[in-house]
Amino acid sequence: MYMLLATAPPPGSDGTAPHGTVSNGTTGTGLEGPAVVLQPLDAAGAESGPARTVPLAHLPAAVREAEQDSPRWVWGQAQRWYPQLLRAGTSVERCHDLALCQNILVFSPFTQAGGYPRSHSYVPMDLGPEPEARDTGQDSLFDAPVVHSGPTPAELARELREQLESVKTSTEPRRLALLLAAESAGALVAAEMTRAGVPWREDLHRRILSDRLGAQPAEFARPERMEAIVEELRTLLGAPTLNPDSPQELMRALHRAGIDAKSTRSWELMEINHPAIGPLLAYKKLSRLFTANGWAWLEQWIHDGRFRPEYVVGGVVTGRWSSHGGGALQIPKQIRGAAHADPGFKLIVADAAQLEPRVLIALSQDAKMAEAARGKDLYAGIAAQGFGGERDKAKIALLGAMYGATTGESGRLMPQLTRTYPKAVGLVEAGARAGERGERVGTYLGRGTPPPSKEWLALQQTTSAEEQRRADSAARSRGRFTRNFVVQGSAAEWALCWLADLRRRLRTLAAAAPAGAPVPQMVFFLHDEVMVHCPEEQVAAVTDMMHQSAAAAARLIYGDIPIQFPVTAVAADTYAEAK
DNA sequence: GCACTGAGCGCG
DNA sequence: AAAGCGCGCTCAGTGC
């Protein structure tokens with residue numbers, strides 16, 4: 001059922017001391033260097049067979065063998081174990097990531113009464129084998145990764161039991177179990193995506209850069225196009241030494257030239273009519289490309305034709321992923337043409353159409369809005385029902401409702417939206433009011449917001465009239481956060497289920513493929529969008545799977561409800577074309 | 001010289 | 001059209 005993976009306690013230890021390495025052959029274990037314990041556990045997390053201890057170097061083989069029985073692997077953190085298994089060519093079907101699940105259970109509104117947080121022991125799960133140096137696709141200098149002290153197998157098993165128990169006694173065991181499974185599957189997907197990497201053509205990237213910026217500059221120098229604009233700006237603004245990269249300097253120069261700018265943000269400058277504004281905006285655009293995704297980025301992040309960011313599952317409080325390395329979740333549209341499929345492959349990019357509003361409909365069961373979503377374009381449907389067919393207005397109004405806009409056009413459109421969709425708007429409003437009162441809110445599957453900080457709570461207790469304004473502002477701010485959390489977080493868990501289901505289907509496909517044949521791989525994930533690097537002859541089948549998985553995810557979470565989650569899936573040679 | 005913050009901008 | 005949610009990254013500027 002479960003198979004626990006843990007660093008082995010040193011021989012003769014009582015299992016409570018720091019451990020993790022087996023010193024050497026003289027201890028009589030016959031093991032040298034780091035060792036690992038594989039402990040079978042039953043469905044309740046109790047030991048159900050003898051533990052095996054193997055040298056770390058033999059772990060991939062041991063895992064492959066145990067995988068025959070398709071256990072659910074249990075480990076402190078997938079991130080600590082799985083990359084090296086993948087490197088050795090070993091993948092697993094499913095796992096339970098104790099750290100990720102602990103993180104969910106601690107804040108879940110479904111466990112508050114029966115009390116995972118109250119009873120559990122807070123064993124730190126962030127230990128296990130040292131993460132390897134960033135996987136650049138090259139062999140590491142050291143064969144055996146360092147293993148240092150971590151929780152004992154017994155502690156990890158107990159943690160699992162407490163987690164399972166808290167799910168069982170929670171108010172929504174089915175939902176919570178699904179969330180934990182999806183989160184854990186996400187950990188596997190994340191490691192596999194990093195391993196695979198986004199296929200990236202350095203030559204195409206360089207062409208984009210030279211087309212826009214000119215030839216690659218010498219170190220510490222500006223590209224020629226940018227330098228030319230700097231000279232132009234210095235003349236136009238009468239500031240011969242201006243460095244436009246300094247907001248302060250730029251601000252002073254603008255003011256001296258009689259330009260009344262409140263800030264140097266592009267969208268504010270756009271309102272101003274002055275000959276220097278055009279070149280300045282052009283400079284900012286080029287500067288962004290140069291500093292964030294220029295030659296230095298290419299040098300640092302692209303190796304062997306692959307971009308391999310690390311994903312942090314649950315790295316965002318709402319359950320979205322964050323990432324480290326190369327700004328993976330902010331790849332500008334400008335350079336997406338450099339993400340290019342290998343010969344004989346295509347990139348299939350699928351994204352969920354208007355995911356958050358559709359999630360709002362599912363959560364609120366707003367029949368009227370569900371009707372508007374019947375067609376392909378949800379915003380057009382909403383526009384037809386209450387905004388005189390003006391799609392842009394419908395979109396602004398709906399986004400504003402989910403973000404908590406109060407001013408501007410979006411704020412003005414709110415009453416109309418509320419009249420038309422009292423249930424949907426009511427749901428986000430209730431989320432906001434709860435947050436303002438300091439309460440927690442949660443997603444459909446049970447990921448919860450952290451409680452407000454001590455400072456926040458103290459501020460709400462203020463009796464000073466002067467501080468009351470700050471307290472109100474902080475309350476509204478938290479209200480906007482909790483309002484959005486419900487929708488963004490529920491959308492994130494839908495995407496996670498989509499990803500997990502797609503992974504399962506792709507594994508089945510790969511298992512049926514002849515040995516050595518090229519197989520489709522998930523290579524990138526961005527909130528509501530997934531990219532698969534796919535052999536050409538399987539594009540049709542995989543595209544189909546991406547649609548099927550979306551339907552499966554919706555059914556798995558919400559059951560049979562009258563709202564679709566359509567995805568757009570496009571296959572092309574580059575990321576730019578596929579979007 | 002290092003750590004931190006704020007401004008600004010990229011993505012969803 | 002306007003500035004409401006969630007992030008990461010780079011640079012300038014500041015404080016030690």
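FYI, side chains are in, hydrogens and waters are out, and symmetry mates aren't considered; it's all heavy atoms of this structure.
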Next on the checklist: Could you tell me if Arg308(A) sits above the aromatic ring of Trp301(A), with its cationic atom closer than 6.0 Å to the ring centre and no more than 45 degrees from the axis?
Outcome noted: no
Anything under 3.5 Å between a donor and an acceptor, one on a side chain of residues 178-186 of chain A, the other on a protein residue two or more places apart or in another chain? List them.
from	atom 1	to	atom 2	distance (Å)
Glu183(A)	OE1	Arg447(A)	NH2	2.8
Glu183(A)	OE2	Arg447(A)	NH1	3.3
Ser184(A)	OG	Asp97(A)	N	3.0
Ser184(A)	OG	Leu180(A)	O	3.0

Item to check | Pairwise 5' ranking along DNA chain C for Gly326(A) and Glu409(A), keeping only the more 5' one | outcome: Glu409(A)
Heteroatom pairs (N/O) under 3.5 angstrom, protein to nucleotides 5-7 of chain B:
none

Next on the checklist: Between Arg412(A) and Glu409(A), does any NZ, NE, NH1 or NH2 come within less than 4.0 Å of an OD or OE carboxylate oxygen?
Outcome noted: no
Item to check | Contacts of Arg175(A) that satisfy salt bridge (Lys or Arg N to Asp or Glu O under 4.0 Å) - sequence neighbours left out | outcome: Glu172(A)
Using a cut-off of under 3.5 Å, enumerate the N/O to N/O pairs linking the protein to nucleotides 10-12 of chain B.
from	atom 1	to	atom 2	distance (Å)
dG10(B)	OP1	Lys285(A)	NZ	3.3
dG10(B)	O4'	Arg288(A)	NE	3.4
dG10(B)	O4'	Arg288(A)	NH2	3.2
dG10(B)	N2	Gln330(A)	NE2	2.9
dC11(B)	OP1	Lys333(A)	N	3.1
dC11(B)	O3'	Arg336(A)	NH2	3.1
dG12(B)	OP2	Lys333(A)	NZ	3.4
dG12(B)	O3'	Asp528(A)	OD1	2.7
dG12(B)	O3'	Asp528(A)	OD2	2.9
dG12(B)	N2	Arg320(A)	NH1	3.2
dG12(B)	N3	Arg320(A)	NH1	3.2

Checklist entry - For His205(A), which residues count as a side-chain contact (heavy atoms from CB on, under 4.5 Å) partner, sequence neighbours excluded? => result Trp200(A), Leu209(A), Trp297(A), Leu298(A), Ile335(A), Ala338(A)
Checklist entry - Using a cut-off of 4.0 Å on non-hydrogen atoms, how would the nucleic acid contact of Phe481(A) be classed: base, sugar-phosphate, or nothing? => result sugar-phosphate
Checklist entry - For Glu356(A), which residues count as a side-chain hydrogen bond (donor to acceptor under 3.5 Å, both in side chains) partner, sequence neighbours excluded? => result Arg320(A)
Item to check | Nucleotide range of DNA chain C lying under 4.0 Å from chain A heavy atoms | outcome: dA1(C) to dG13(C)
Item to check | Rounded interatomic separation in angstrom, taking CG from Leu280(A) and C1' from dG8(B) | outcome: 12 Å
Checklist entry - If you look at every strand shown and take non-hydrogen atoms under 4.0 Å, does Trp321(A) touch a base, only sugar-phosphate, or nothing? => result nothing
Next on the checklist: Base, sugar-phosphate or nothing for Ser266(A)? Non-hydrogen atoms, less than 4.0 Å.
Outcome noted: sugar-phosphate
Checklist entry - Base, sugar-phosphate alone, or nothing: which one does Val317(A) contact when heavy atoms must sit under 4.0 Å apart? => result sugar-phosphate
Next on the checklist: I'd like to check the side-chain contact (heavy atoms from CB on, under 4.5 Å) partners of Ala276(A); sequence neighbours left out, ordered by chain and number.
Outcome noted: Leu233(A), Leu236(A), Leu237(A), His274(A)
Item to check | Residues Asp304(A), Arg306(A): salt bridge by 4.0 Å N-O rule | outcome: no
Checklist entry - Please, which pairs that meet ring-ring contact (aromatic ring centres under 6.0 Å, His included) have at least one residue in residues 387-444 of chain A, sequence neighbours excluded? => result Tyr444(A)-Tyr558(A)
Item to check | Pairs involving residues 386-400 of chain A, ordered by first then second residue, that meet side chain to side chain donor-acceptor pair (under 3.5 Å) (sequence neighbours left out) | outcome: Asp377(A)-Arg391(A)
Checklist entry - Between NE2 of His324(A) and OG1 of Thr194(A), what distance do you get to the nearest 0.5 Å? => result 11.0 Å
Checklist outcome for this item: Its dot-bracket string being built from Watson-Crick and G-U pairs below 3.5 Å, with | for another strand and [ ] for crossing, DNA chain C has the pattern ....||||||||||||
Checklist entry - What residues, two or more places apart in sequence or in another chain, satisfy ring-ring contact (aromatic ring centres under 6.0 Å, His included) together with Phe565(A)? => result Trp494(A)
Item to check | Test side-chain contact (heavy atoms from CB on, under 4.5 Å) applied to Met546(A) and Val530(A), Thr568(A), Asp501(A), Val349(A), the passing residue | outcome: Val530(A)
